[in-house]
Chemist: 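Structure incoming, see below.
Please read these numbers as outputs of a predicted model, since none were measured by experiment. In the text below, chain A, chain B and the rest are named by the order of the sequence lines, each starting its count at 1.
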2 protein chains.
Amino acid sequence: MPTDLFSTYGDLLDRTARKVKQYAQRRFNAENYDITVDQWLILRNLNQNNDLNQSQLAEITEKDHPTLTRIIDLLCKKGLTERRIHPADRRSFTIHLTELGKHHVAEWSPKMAEIRMKAWENLTEEDYKSLKRILDTIYSNLDLKVEDELRIKNLHPIADS
Amino acid sequence: MPTDLFSTYGDLLDRTARKVKQYAQRRFNAENYDITVDQWLILRNLNQNNDLNQSQLAEITEKDHPTLTRIIDLLCKKGLTERRIHPADRRSFTIHLTELGKHHVAEWSPKMAEIRMKAWENLTEEDYKSLKRILDTIYSNLDLKVEDELRIKNLHPIADS
DNA sequence: CACTAATAATTATTATGCCAACAGATTTAT
DNA sequence: ATAAATCTGTTGGCATAATAATTATTAGTG
């Protein structure tokens with residue numbers, strides 16, 4: 001396989017993901033929705049799963065724990081979510097939409113769907129399936145198991161020590 | 001078109017782009033390359049175009065000016081690049097690889113190619129063409145012209161003033 | 001029961017992305 | 001020729017991301 005052919009897929013992915021995020025954010029702002037794209041992702045998931053702790057939520061949304069902590073902080077500050085102490089484990093919280101949060105999810109959802117569809121002009125359902133298959137394959141190829149992580153590290157013990 | 005079908009392409013793109021970046025970064029770190037993925041993108045472009053100013057470099061790499069300024073700052077601090085005053089226009093600099101920068105680009109390139117190929121396991125050249133076509137289409141769909149920006153803003157004049 | 005492991009969440013640090021605002025240099029228009 | 005507009009690069013503010021380290025709590029083991 002010619003390695004040069006694929007030299008830019010990483011950049012291509014990166015710039016497209018940024019463009020999608022940027023477009024959605026501008027539309028949110030134009031509607032005066034006081035929310036970021038990543039915050040909306042969390043809200044949308046909470047609307048379907050309203051009794052998760054932060055670790056579970058982080059796994060579902062594929063955010064790191066520190067990132068999730070801060071997003072939840074912001075959503076709580078806006079009054080859209082709340083942390084409830086877990087009854088059996090005082091280390092953890094469960095995260096819930098407030099009434100205001102539920103209200104905004106319902107209010108904003110139609111526009112969000114419209115914004116999503118804009119990216120898909122001139123493309124087909126077949127294209128969507130291809131995209132999903134290819135991206136999922138790439139993800140799997142790079143989704144290292146713990147053993148792989150160790151292998152990479154041990155092959156190259158810290159050089160500057 | 002069923003809007004629900006596409007509800008996750010944004011998340012899919014976002015998480016795959018992050019995974020690619022994360023994987024590459026871990027491999028860089030394992031090799032003790034003192035460089036980030038985005039810094040490498042700039043180095044790679046400088047290696048091909050060694051007489052650009054920051055605006056041209058920003059356009060080629062699709063970074064905005066503040067981001068590029070900061071990346072160049074870091075690369076200069078590491079001694080990999082240098083700013084030269086433009087002879088005819090005192091507003092601008094041209095950016096160049098130093099000898100050390102050229103040395104590292106040559107030294108690191110083979111490993112970078114190997115890392116790139118890892119993501120492509122189980123995929124074909126045909127897949128690459130599909131991916132490129134679909135991502136380019138999405139990018140174009142969302143790449144607003146100035147008129148579109150104005151239209152979006154004027155449809156919804158500032159509500160909270 | 002005490003000591004250690006592991007887990008949940010947070011904080012700190014560094015880097016990037018985007019927006020807005022700015023300063024200085026240069027071009028354009030009057 | 002001078003004022004206005006534009007261009008180039010920088011800085012500050014806020015949000016996100018990855019990693020490491022820290023705190024608090026729980027679980028596991030002898």
Chemist: With a non-hydrogen cut-off below 4.0 angstrom, is D64(B) in contact with a base, only sugar-phosphate, or nothing?
Modeler: base
Chemist: Which base sits across from dA5(C) as a Watson-Crick or G-U pair, both distances under 3.5 Å?
Modeler: none
Chemist: Nearest whole angstrom, please: distance from the P of dC19(C) to the NZ of K21(A).
Modeler: 13 Å
Chemist: Using distance alone, with no hydrogens and no angle criterion, decide if D127(B) and S130(B) have a side-chain donor and acceptor under 3.5 Å apart.
Modeler: no
Chemist: Is the distance between the ring centroids of Y9(B) and W120(A) less than 6.0 Å?
Modeler: yes
Chemist: What's the CD1-C1' distance between I35(B) and dA18(D), to the nearest Å?
Modeler: 17 Å
Chemist: Under 4.0 Å between a side-chain N or O of K78(B) and OP1 or OP2 of dA15(C)?
Modeler: no
Chemist: Kindly state whether the ring of Y33(A) and the ring of W40(A) have centres lying under 6.0 angstrom apart.
Modeler: no
Chemist: Which whole-number value in Å describes the distance from I71(A) CD1 to dC14(D) P?
Modeler: 17 Å
Chemist: Base, sugar-phosphate, or nothing for Q25(A), non-hydrogen atoms under 4.0 angstrom?
Modeler: nothing
Chemist: Please give the nucleotide sitting opposite dT26(D) as a Watson-Crick or G-U wobble pair, both distances under 3.5 Å, or none.
Modeler: none
Chemist: How would you label the glycosidic angle of dA5(C): syn (within 90° of 0) or anti?
Modeler: syn
Chemist: For L100(A), look at atom CG and say whether over 12 heavy atoms of other residues, nucleotides or ligands are found less than 6.0 Å away.
Modeler: yes
Chemist: Is there a side-chain polar atom (N or O) of K63(A) under 4.0 Å from OP1 or OP2 of dA17(D)?
Modeler: yes
Chemist: Of the listed nucleotides (dT25(D), dG17(C), dT16(D)), which one gets closest to any side-chain atom of R90(A)?
Modeler: dT25(D)
Chemist: Within the 4.0 Å limit for protein heavy atoms, which parts of nucleotides 5-12 of chain C are touched? Write it as a string from 5' to 3', B for base, S for sugar-phosphate only, - for none.
Modeler: -BBSSBBB
Chemist: Starting at atom CG of D14(A), determine the distance to atom C1' of dA15(C), rounded to an integer number of angstrom.
Modeler: 13 Å
Chemist: Under 3.5 Å, is there a donor-acceptor pair between the T94(B) and H96(B) side chains?
Modeler: yes
Chemist: Is D34(B) atom CG crowded by more than 12 heavy atoms from other residues, nucleotides or ligands, each under 6.0 Å away?
Modeler: no
Chemist: Rounded to whole angstrom units, what separation is found between the CZ atom of R18(B) and the C1' atom of dG17(C)?
Modeler: 14 Å
Chemist: Could you tell me the separation between the CD atom of Q22(B) and the C1' atom of dT16(C), rounded to a whole number of Å?
Modeler: 15 Å
Chemist: Quickly work out the L74(B) CG to dT13(C) P distance and round it to whole Å.
Modeler: 17 Å
Chemist: Take the protein atom CG of L41(A) and the nucleotide atom C1' of dA17(D), then report the distance between them rounded to whole Å.
Modeler: 14 Å
Chemist: Atom CG in L13(A), atom NZ in K19(B): separation rounded to 0.5 Å?
Modeler: 13.5 Å
